[in-house]
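Down below is the structure, laid out as structure tokens.
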Amino acid sequence: MVTFIARRLVVSVLLLLGAAFIMYQLTALAGDPLEEFYQSRLPNKNQLIAARTEALQLNVPAPLRFFLWLGGAAKCIIPFANQCDLGLTAQGQKVTDLLPQALGSTIQLVTAATVLAIVIGITIGIVSALRQYTTFDFVMTFVSFLLYSLPSFWVGILLKEFVAIRFNDFLGDPQLGPVWIAVISIVVGLIWLGLIGGELRRRVTVFLVSALATAAVLIYFSLTDWFLHPNLGPVLMLILSAGVALVMTALMAGLKNRRAMLTAGIQVVLAMICYFALQPLLNISSIYTILILALVTIAVGLLTGFLVGGPDRGLNMRVGAFTAALSAGLILVDRFMQAWPSYLGESAINGRPIATVGSQTPNLPGDIWIHGVDSFTHLLLPTLTLMLIGFAGYTRFSRAGMLDVLNQDYIRTARAKGMPERVVIVRHAFRNSLIPIATIVASDFGALLGGAIITEQVFAFSGMGALFQRGISLPDPNPVMGYFVVIAVMVIVFNFIADMTYSALDPRVRTRG
Amino acid sequence: MKFRRIGAPIAVAAIAAMAVTGCTTTNETPSTTTGGTITVAEVNEVTSFNPNTPQGNLDMNAKLTGYTRSGFFYLDDKLNIIPDKSFGTVEKTSDDPLTVKYTLAKTATWSDGTPVTADDMMLAWAVQSGFFNDSTTDADGNVTSGTTYFDYAGDTSGLGLADKPVVGDDNTSITLTYSEPYADWQLINPIDAPAHVVADHAGVALKDVMSAMQTMPRGDAAKPAAPNDALKTFADFWNTGFDATSLPTDKTLYLSSAGMVLDSWVPKQSITLVRNPDYKGDLKPKVDKIVVRFIGDAQAQVTALQNGEVDIINPQASADTIKSLEALKNVTTLTGNQFSYDHLDISFNTKVFKDANVRKAFLMTVPRQQILDAIVTPQNPDATLDDSQLFFPGTDAYDAAIKVNGSSAYDKVDIDGAKALLAGATPEVRVLYNTKNPNRVASFQALQASAAKAGFKVIDGGAENWGSLLGSGTYDASIFGWISSGVGVAGVPQIFSTKGGGNYSGYSNAQVDSLAKQLQVTLDKKAQDDIQTQIDTLLWGDGYGVPLFVAPGVMANSNNVTGVVYYPGQAGVGWNYWEWAKK
Amino acid sequence: MSIINEGEPRPVVDAAEVRNITVGKSQGRLIFDRFVRNWVAMASLGVFLAVIVLSITSIGAFGIPGWWKWAYNDLGTGLLNGGAPTLSLVPQWLGGDGIHLGEHPFGQTLIGIDYFAMTMRGIQNSLIVMFIIGILCAVIGTVVGAVAGYYRGWVESVLMRFTDLVIVIPVIVLGAVVGKIASEHFKGLGVLGLSIVLGLFLWTGLARLVRGEFLTLREREYVDAARVSGARDARIMFRHILPNAVGVVIVSTTLIMAAAILLETGLSYLGFGIRSPDVSLGLIISQNQTAFSTRPYLFIWPGVFIVVIALTVNFIGDGLRDAFDPRQRKFVPRRMKERETAS
């Protein structure tokens, strides 16, 4: 395994070099950075050309210039030396100064979109597979194909119009009209109906109960201006974290597993205690406090599992950790919701929270909660837009993978010998259905980074994509190469991880040929 | 399946709980509003605090100095020169030789408390005149001998006519004496970066630099002198020292002499300007803060304005942008002309148009009204054909000129007339235009269809890199735009005289050459207009080309902001920021 | 860790075998029958063909004129009613204007070009882009993936490293750079050039998937059996293994084809795709993106056609997958019982 990894690393470096060389030559062909001077009417035109030629080393032929560039780039490998040199832009700025600025916002965007697309895509794909040829399956198939068929900037423009502006207008007077309440309730009812399924009578019951309950809640929200003062509150906290505990136990251990139930139950109690006890701490928290709390939470979950676990410690520790993490997450969500009213009241926000441009509100005062909400309102639409690129693919592939696996003999065997359906699906089918997804995730990551170029333009999100877009249009080669290096390293790392995952998930794929 | 059995109760319970918790409310009160912040959207980011170097010569850098640097005058929206007496006075003391005196007011101060002095004006003069440069460059642009001190991105030929200024009035005034009359003398604004900051950062004593400036003779490329170390170090800092990618820790790099001073800069996102507490001049801003956000996409700017994220925008104009702006509630849309115009030029470099009749026939087929109706009318219903190569519509000189310059022959498409002139010939015409600009594409398509009726075979020579093809002789006609500052006459010889740097058409007319030369030394506005009208008439007569339309521009502001006035020039929407107020 | 019988081989219906046990019906016939029974796929195929026929007959193609009166680059006779669309679909008895196309059913651009003709031309070009990219990707990706997955060893290393080399550069980045180069040096690529260049780079994901399938499938007994009985490698790969991997190929190819239209749209939005005065659906959408709130018909019609094409292609692919690969049909005990009695 070690030699395998070492060999892959060497190959990856060679790959990077090869791709960088190709990219460098292509970029050099893509246009002359001196072009803007040719139409210049300045008397000192020649001097300007000389200055830029000097700064960008344009007098060296491109194949050789690559090695000059590589010499500077190679210094990036030296740790902490701060010697990195990726060249200058046409404006004489260091590319290494621009990259970190651009990288930050793009990483936020792409990570959020990838994680969401994977989680939602795979979940929906698997549920569709389990409910193959039901209405839910058809609807999800249609929806994922539809999303897959929409140009992303088109979606971006629509989202800005309908989600940002209309929702913000709505917040000015957050009263839902009867039509909206009816529509939302019916849709929610249909979703639950699709998810739960069953016989006709049960379907009707599920639909009616969920639709009516939704309507009641919405009316209540409208009457109490909940949208201006959202919160979970202790009761909902309790119910939601209990729900998390139930679902986690059901998925990972089965509801009959008393120990797992106990482990999860303890997490719920702890979460409720923390919910009350930690509020003062949260009010003065920094991002590091939260990180430490998160680590402690997971440790507590693991520890509980270990102590309660009995013979099946590993399983209980997993249940404990997941339940703890998710219920702690709920506490954070609640805290962010508490920051919402003061966020709305900021003069820079002026009651219109959902943003259409940029990644943050300039000069926003406030604590991490306010800034967290600010990031959320800015990231929401671009993330959604970007997510659509990956979402449909994941849904389709995980559905296909799951169906493929479900029809295998060993699944039939497992069922035949009386294993509970949960065990069959979660233990036998789910893991194997993930195998093809691993490769998709890696190759889609590149597509997602590429898609970020368009998304960033639509939402005036000045990240890596904007850097590339500007660089290639001008043309200005060094920012393009800076963009490329970062993106290529990320793609290579992801592919590497995918290969590792692949051999971890499917031992039949031998690591050595 | 267990899954299913537990699903339904969870759904019900979850929704019920949502209802219950709706009761609890939080009692946080919104923080008090500070008020007085205006947010402006701009396309490009700041890259330098010095907009006068080649690498810093970007619109946003210039706009930033608009907020933070006072001058002897500013141009209003009608392009009148409005003096700012609280900064200094300009006085023409003699016509022959042309002598101008610039005197600083007592209120002129940098935001670190240092008064603005003649040293600062000397720096600006040294930059804008290129007085000390004695470099020679070869064809590749490499300096072969001598020294270039300040890398100035502008034209040094105007101020270069003046002798070394005389400093007076206790180091608060300079007097410039021109060797020959200079038509655009009123547009000289001798103020640039703070000289003491440049000297401090360069590590030289300011007085050494000033004495070097006083003693050194005019640079002579034929006899290059050894570079002056103090001045060279000083100039080198000016050339690159103000470039930045984020807010420098050293505040002196972005000193202000005007109403606003830079306060913060979030790279790639925004800059924030706050009221300059040390500003004592007349153009005091009404708002406390101006935030400039960088939003490249026009549609994104419109949505951001609609969503209240920005208060003022200045996007690329298009009919749809304007329509969607006008459809917005609580938004005021300001439209007008820009100082740029699209035009079709005949290339005299190739064979096709050697014959004047072919030129005229081609120009007769240009569907100018159709192009205007398609591109400009939707944005500016009052737009008329642009009938002058030299004047902008809306000025008196334009109205006078178009009556006599012979443009009326080309107002309407005349296919029959063109056919008659062609006498059965079917010339092939390659037309160069920018394929990335939809207006140019539309103009080209309209021209292609129309010219074909008269027998021209119009070949699509559009390219994205049209700029580098200008003057290359690979096309027979070109559609592109000129951007002008809207003031001054220095641009005329550049474009129309035989050896002008912007004469890509290869046009040559001795009469035009001599008139253009005469124009440069004419100080009287009336006489200037007269000469320009003569040139205009000659251009129309020679079949130089036709102007297509003056580009429309758009600005928009949300109605909670007042004082925003449309501005046609490059200073952009912030030209009168001191009049902005928030309701 | 949970226990999965990973080592247990999955019995896979060997294509050659199926032919023997199924009386009277060829494999192709079976697939065809299964496809025809899938009404969603059939309906999609119908719509898809209708779109192709509409786009080709209306404005014509390959120099043959169509029945529509305007051409996509014809300036027409000036703006009619401000360029508003004349299409009416509300019958008179419902209070509408009756069902008719009118002079310019989809409206006109600002300079008076008929938007219906432009949209049709855009469909033609987008279809060309889609098909060329789809075919190139399917062929290259399948061959590369199959060879790599089957031979393994250094062949796999070389091919997969080459695949990685291409994957390292995101497609849209490559597309943008290549598009920019083309406009610098060759006055733009044109529809064919653009699609071929993109097709040469888009196959990598498919190759990796096919390789993954082959890696698993080559370990099966029937492959060993075929090998023992002396079948050549190419026969094993393309006759025995490929039919079992064809689902993956078809699903990915349809996804790629649908993605190809969107990629071209994105490149046009960034200014590196098909260039004016030629037309593609992506180009006209991006040209008219500012018209969204004022002249939505310019924005909506090409968008509708993109969505329709991409959707139907996806559904056709889905139907084909089901037809090729009946293993993914639902596990129904009753049907299983029938199958058991039949065999």
Side-chain angles (χ1 to χ4, degrees), chain A residues 35 38-39 41 43 46-51 91-93 97-98 101-102 157 160 164-165 168 192 196 198 206 209-210 213-214 216-217 220-221 224 226 229 231-233 235-236 239 243 246 250 255 338 341-342 345-347 350 352 355-358 360 362-363 421-422 457-460 462, chain B residues 1-2 4 6-8 10-22 24-26 28 30-31 33-35 47 54-55 137 141-143 148 153 155-157 240 243 245 266-270 272 291 293-297 299-300 303-304 306-309 465 467-468 470 494 501-502:
Chain A
E35 188 186 308
Y38 298 149
Q39 35 176 335
R41 285 195 268 156
N46 288 343
Q47 196 184 325
L48 304 184
I49 292 179
Q91 268 74 48
Q93 298 167 310
D97 287 349
L98 296 178
Q101 299 168 355
I157 292 169
K160 284 206 275 192
I165 291 170
N168 288 340
W192 280 108
I196 290 169
V206 167
V209 170
S210 51
T214 311
V217 171
Y220 197 86
F221 279 1
T224 55
W226 190 87
H229 308 279
N231 58 81
L232 293 178
V235 179
L236 190 50
I239 291 171
L246 269 181
L255 287 176
Q338 291 176 32
S342 40
E346 284 296 340
S347 65
N350 201 15
R352 300 186 67 84
T356 61
V357 286
Q360 65 184 69
N363 313 310
E421 188 68 14
R422 179 192 68 78
Q457 175 143 346
V458 175
F459 291 99
S462 307
Chain B
M1 273 193 257
K2 274 200 187 100
R4 297 191 173 189
I6 59 174
I10 289 180
V12 178
I15 289 162
M18 268 195 263
V20 175
T21 49
T24 58
T25 48
T26 46
E28 287 185 45
S31 62
T33 52
T34 49
T47 66
Q55 79 277 9
T137 49
N142 298 315
V143 176
T148 303
D155 183 7
T156 56
S157 63
T240 56
D243 297 352
T245 53
V266 184
K268 309 269 159 211
Q269 304 269 339
S270 62
T272 304
V291 180
R293 297 190 68 169
F294 311 124
I295 303 172
D297 192 69
Q299 185 64 28
T303 328
Q306 187 185 3
N307 200 27
E309 287 165 85
N465 60 338
S468 60
L470 281 176
Q494 285 284 341

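Chain identifiers are assigned alphabetically (A, B, ...) following the order of the sequence lines, protein sequences preceding nucleic acid strands; residue numbering begins at 1 within each chain.
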Give the member of A:A355, A:G358, A:A102 that has the highest number of heavy-atom pairs under 4.5 Å with chain B.
A:A355
For the side chain of A:K160 and the backbone of A:V357, is there at least one donor-acceptor N/O pair under 3.5 Å apart?
no
Could I get the full list of side chain to side chain donor-acceptor pair (under 3.5 Å) partners for A:N168, not counting sequence neighbours?
B:N307
B:E309 versus chain A, the contacting section by heavy-atom distance below 4.5 Å
side chain
When only pairs under 4.5 Å are counted, which of B:T272, B:D243, B:V266 shares the most heavy-atom pairs with chain A?
B:T272
Using the test side chain to side chain donor-acceptor pair (under 3.5 Å), find all partners of B:S270 that sit at least two apart in sequence or belong to another chain.
none
Quick one: are B:Q269 and A:P362 in side-chain contact, heavy atoms under 4.5 Å?
no
